[in-house]
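This report concerns only the one structure given below.
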Protein chains: 2
Amino acid sequence: MASSTAIRAPRTPKGERTRDAILAHALALATRIGVEGVTIGRLAEDLKLSKSGLFAHFRSKEALQIEMLRMAGGRMIESVVKPALAAPRGEPRLRALFERWLAWEQSPSLPGGCPFMAASFELDDRPGPVRDFVVQNLRDWIDTIAGAARIAVQEGHFRADLDCEQFAQDCQGIGLGFVHASRLMRDPQARARADRAFDALVSAARASTDRAASRAAPDRRPASPAAVVNRRDASPAPAAARGRRR
Amino acid sequence: MASSTAIRAPRTPKGERTRDAILAHALALATRIGVEGVTIGRLAEDLKLSKSGLFAHFRSKEALQIEMLRMAGGRMIESVVKPALAAPRGEPRLRALFERWLAWEQSPSLPGGCPFMAASFELDDRPGPVRDFVVQNLRDWIDTIAGAARIAVQEGHFRADLDCEQFAQDCQGIGLGFVHASRLMRDPQARARADRAFDALVSAARASTDRAASRAAPDRRPASPAAVVNRRDASPAPAAARGRRR
DNA sequence: GACAGATCCGAACGGTCGTACTATTTTTCA
DNA sequence: TGAAAAATAGTACGACCGTTCGGATCTGTC
């Protein structure tokens, strides 16, 4: 990544800068070799720190993993969700979410793709705080999509009886299928197909003259559209990790 | 079988039985903790073998991983593809493929789900023979789906200008979305939503009165429908299955 | 029942893992 | 500027990693 160029104006305390550099590098590493694959020794070597010096920034490796994913979550909100919220309510916002999501997946700062997608399959059977954190973040993300779909219904873009949770799972599937075809199979058409699949999904959600929904009863939960804001840390305790709030 | 020579049922050699037991256990383990997470020591302890004794069955850990995935591929063909081939050509066979695929994903012998799906995200950025093997198997699988869709076109079940590769990627996405919702998010409705998504996909492939295909040019490749039969091992050598000399 | 190979074990190797403890340096701020 | 605080280095630990090797034990065949 680009050198820090931190000449003068070290507003941020030294430790925090190092810490962020560690997390950024750990994150980039994790996208390639997996969350569990990130190693203290490897990190220290890459960043020219001693193992113990690096380790001192986190009480444990598990904490490092969670902080790393917290940074990923923050970045994702910043570069996917927030910009999409600037788009008009309804279908345009939904499209913005989808498009920025795939763009984020291929962001140069994430050489191995979205860490949450990878972690979904890496940690799905390994209980613990890290898994919990991933689940929380992905729940927020899916709620964001479902909420945006719900708004599209309110705006009259989508038909009234649309199952928004179903829409969200379908959407997630398109994204996962895209990553699969793109990263693993190296299919150059993966992106075009993902776009077409999304178009078809939106198209089906629009058409109200369709026989479509076999289930007559739509979900009834209030389901706040602002799920993004409701985002919470995995750790129940106030935490305040090392005193250094931001 | 040829009974003329009447060889007295050559009970499978001892070593091979052990070997299969090792692979079966390694496979079950890998579905939970990942392909790279399987460890010689852990395997030996579980199976009450010595590390070296176990290791002697494979020239390297990499070979163990590949053999393990080969077993998984064989099982998948046996319990998903072959039975589905018994279903009538066209849409029924496609449905059988999908249904058996999800059933296989939740088979009790795979406590952590389909190893190939997990490996898709675990190994997508780690080049090497293991990744190559996974890619090969998944390519065969996707070709199987695309081939079945092509047959459905021939049978008149699906519209003539259907993009079968697109269909396959969409299908893969539904499966991945299912695993994501089911295993990670523990959503009890995951399966029902996957079924609905598949129904919608098939439905869209059927309707020929739809404006549907924006792309006028359908793919033109011959694309043998019998992709299943074309399946090849990753290793270029003939590799007689049970020969297993070293 | 003996012999040959297949099968398995025990010990050991050099590494890396996460983590703990104690110095030593560097930053921060009165 | 100097002392308190924070950041980093050094060293060590036990555990486990994949792998090697020589020898013990078992299996199947004549």
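Remember, it's a predicted structure, so these values are computed and weren't measured experimentally. Residue numbering restarts at 1 for every chain, and letters A, B, ... go by the order of the sequence lines.
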Between [X] ([atom1]) and [N] ([atom2]), how many Å, whole number?
X     : N      : atom1 : atom2 : value
B:E36 : C:dT16 : CD    : C1'   : 15 Å
B:R17 : D:dG28 : CZ    : P     : 7 Å
A:L54 : D:dA7  : CG    : P     : 13 Å
B:I40 : C:dC13 : CD1   : C1'   : 16 Å
B:L43 : D:dT19 : CG    : P     : 13 Å
A:F58 : C:dG18 : CZ    : C1'   : 14 Å
B:E16 : D:dG28 : CD    : C1'   : 15 Å
B:E62 : D:dC17 : CD    : P     : 18 Å

Next on the checklist: What's the closest nucleotide to the side chain of A:F55 if the choices are D:dT19, C:dT19, D:dT8?
Outcome noted: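 Of the candidates, C:dT19 comes closest.
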Next on the checklist: Please verify the inter-ring angle class for A:F198 with A:F98; under 30° counts as parallel, over 60° as perpendicular, anything in between as tilted.
Outcome noted: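 The arrangement is parallel - the two ring planes meet at less than 30°.
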Taking only side-chain N and O atoms of [X], does any of them lie within less than 4.0 angstrom of OP1 or OP2 on [N]?
X     : N      : result
A:K48 : D:dT8  : no
B:H57 : C:dC8  : yes
B:K61 : D:dG18 : yes

Next on the checklist: Over all strands shown, is A:T39 touching base, sugar-phosphate only, or nothing at heavy-atom distances under 4.0 angstrom?
Outcome noted: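 Result for A:T39 = sugar-phosphate.
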Next on the checklist: For a quick check of understanding: with a heavy-atom distance under 4.0 Å over all strands, which category does B:L49 fall into, base, sugar-phosphate or nothing?
Outcome noted: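 If one applies the 4.0 Å heavy-atom cut-off, B:L49 turns out to touch the sugar-phosphate alone, with no base involved.
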Checklist entry - Charged N to carboxylate O below 4.0 Å: is that the case for B:D187 and B:R193? => result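 Between B:R193 and B:D187 there is a salt bridge, with a charged N closer than 4.0 Å to a carboxylate O.
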Next on the checklist: Between A:S52 and A:R42, which residue's closest nucleotide on DNA chain C lies nearer the 5′ terminus?
Outcome noted: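 In this pair, the answer is A:R42.
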Next on the checklist: Rounded at 0.5 Å granularity, tell me how far CG in B:N137 sits from CZ in B:R139.
Outcome noted: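 So the CG of B:N137 and the CZ of B:R139 are separated by 12.0 Å.
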Next on the checklist: Whether the side chain of B:K51 and the base of D:dG18 hold a donor-acceptor pair under 3.5 Å is what I'd like checked.
Outcome noted: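 Donor-acceptor pair under 3.5 Å: yes.
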Checklist entry - Could one point to a donor on the side chain of B:S50 or the base of C:dG10 with an acceptor on the other under 3.5 Å away? => result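 Between C:dG10 and B:S50, which were checked side chain against base, a qualifying N/O pair under 3.5 Å is absent.
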Next on the checklist: For a quick check under 3.5 Å, do B:Q136 and B:D140 share a side-chain donor-acceptor pair by atom type?
Outcome noted: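 Side-chain D/A pair, B:Q136 to B:D140: present.
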Checklist entry - Side-chain contact, heavy-atom cut-off 4.5 Å: A:E122 with B:F121? => result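 With C-beta onward as the side chain, the pair stays apart.
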